[in-house]
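Here's the structure, in structure tokens; my notes come after.
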Amino acid sequence: LRGGSDSAPATLDVRRMLRSASCSALLSGWFALHYFRALDSLVRLPGWAAAAPGAAGVLYACLPALGKVLFDIAVYEPVYDAVYLSLQGLLRGERLAPPQLP
């Protein structure tokens with residue numbers, strides 16, 4: 001939305017909205033579905049950890065979730081953000097690389 005002051009009504013930038021929607025649908029929809037499916041299949045609790053008694057068993061049960069969160073923060077999110085911003089620029093008609101220096 002732009003504008004919205006007392007003198008001018010707010011306007012909707014439809015092209016910007018469609019750019020954001022298309023990038024989000026691709027990255028947060030299709031790619032995220034496959035990413036989380038693969039992450040779930042790769043990160044499992046070993047059998048010996050599931051059978052651990054007491055507090056150790058509880059701690060071991062939390063390790064797969066902790067590993068997924070750490071991988072998501074350290075690897076997936078930076079890649080996701082870089083791809084999202086690059087796609088936004090490409091859809092605006094911008095170049096990925098800066099022009100060559102003289």
Side-chain angles (χ1 to χ4, degrees):
L1 288 172
R2 293 187 182 174
S5 66
D6 292 335
S7 60
T11 59
L12 181 64
D13 188 348
V14 176
R15 290 188 336 177
R16 181 178 178 191
M17 181 182 68
L18 291 175
R19 272 196 316 267
S20 294
S22 62
C23 285
S24 296
L26 177 66
L27 296 175
S28 297
W30 192 80
F31 283 141
L33 169 78
H34 295 291
Y35 162 73
F36 286 114
R37 185 178 291 162
L39 192 61
D40 280 343
S41 69
L42 294 173
V43 180
R44 298 272 183 206
L45 184 64
W48 61 266
V58 173
L59 176 64
Y60 291 148
C62 295
L63 289 179
L66 181 61
K68 290 176 187 179
V69 169
L70 289 175
F71 185 83
D72 194 54
I73 291 170
V75 177
Y76 178 75
E77 285 300 322
V79 171
Y80 174 91
D81 292 341
V83 171
Y84 180 85
L85 293 173
S86 297
L87 281 175
Q88 287 290 314
L90 286 173
L91 290 173
R92 281 194 303 267
E94 298 172 1
R95 294 175 44 148
L96 283 179
Q100 295 295 324
L101 296 175

With clusters defined by side-chain heavy atoms of hydrophobic residues (ILVMFWY) lying less than 4.5 Å apart, directly or transitively, does Trp30 cluster with Leu18?
no

Going from OG on Ser86 to CG on Leu90, what distance comes out if it is rounded to the nearest 0.5 angstrom?
6.5 Å

Just verifying a value: how many Å separate Ser28 OG and Tyr35 OH, rounded to the nearest 0.5 Å?
12.5 Å

Specify the closest pair of heavy atoms between Asp40 and Lys68, including all atoms of both residues, with the distance to one decimal.
OD1-NZ, 2.7 Å

When Ile, Leu, Val, Met, Phe, Trp and Tyr are grouped by side-chain heavy atoms lying under 4.5 Å apart, directly or through other members, which residues fall in the same group as Val69?
Ile73

Please check if Leu66 and Phe36 belong to a single hydrophobic cluster, counting links between Ile, Leu, Val, Met, Phe, Trp and Tyr side chain heavy atoms closer than 4.5 Å.
no

Identify the two heavy atoms, one from Tyr76 and one from Leu27, that lie closest to each other, and give their separation to 0.1 Å.
OH-O, 3.8 Å

Decide whether Val83 and Phe31 are clustered together by the hydrophobic rule: side chain heavy atoms of Ile, Leu, Val, Met, Phe, Trp, Tyr closer than 4.5 Å, transitively.
yes

Any residue meeting side-chain contact (heavy atoms from CB on, under 4.5 Å) with Leu42, in chain and number order, not counting sequence neighbours
none

Taking everything shown except Tyr60 itself, do over 12 heavy atoms lie less than 6.0 Å from its OH?
no

Without swapping roles, check the side chain of Ser24 against the backbone of Ala21 for a donor-acceptor pair under 3.5 Å.
no

Testing Leu87, Leu91, Val14 one by one against Arg19 for a side chain to side chain contact (heavy atoms under 4.5 Å, CB included), which residue passes?
Leu91

When you look at CZ of Arg15, are more than 12 heavy atoms from neighbouring residues, nucleotides or ligands closer to it than 6.0 Å?
no

Residues Cys23 and Gln88: closest non-hydrogen pair is SG-NE2, 3.2 Å

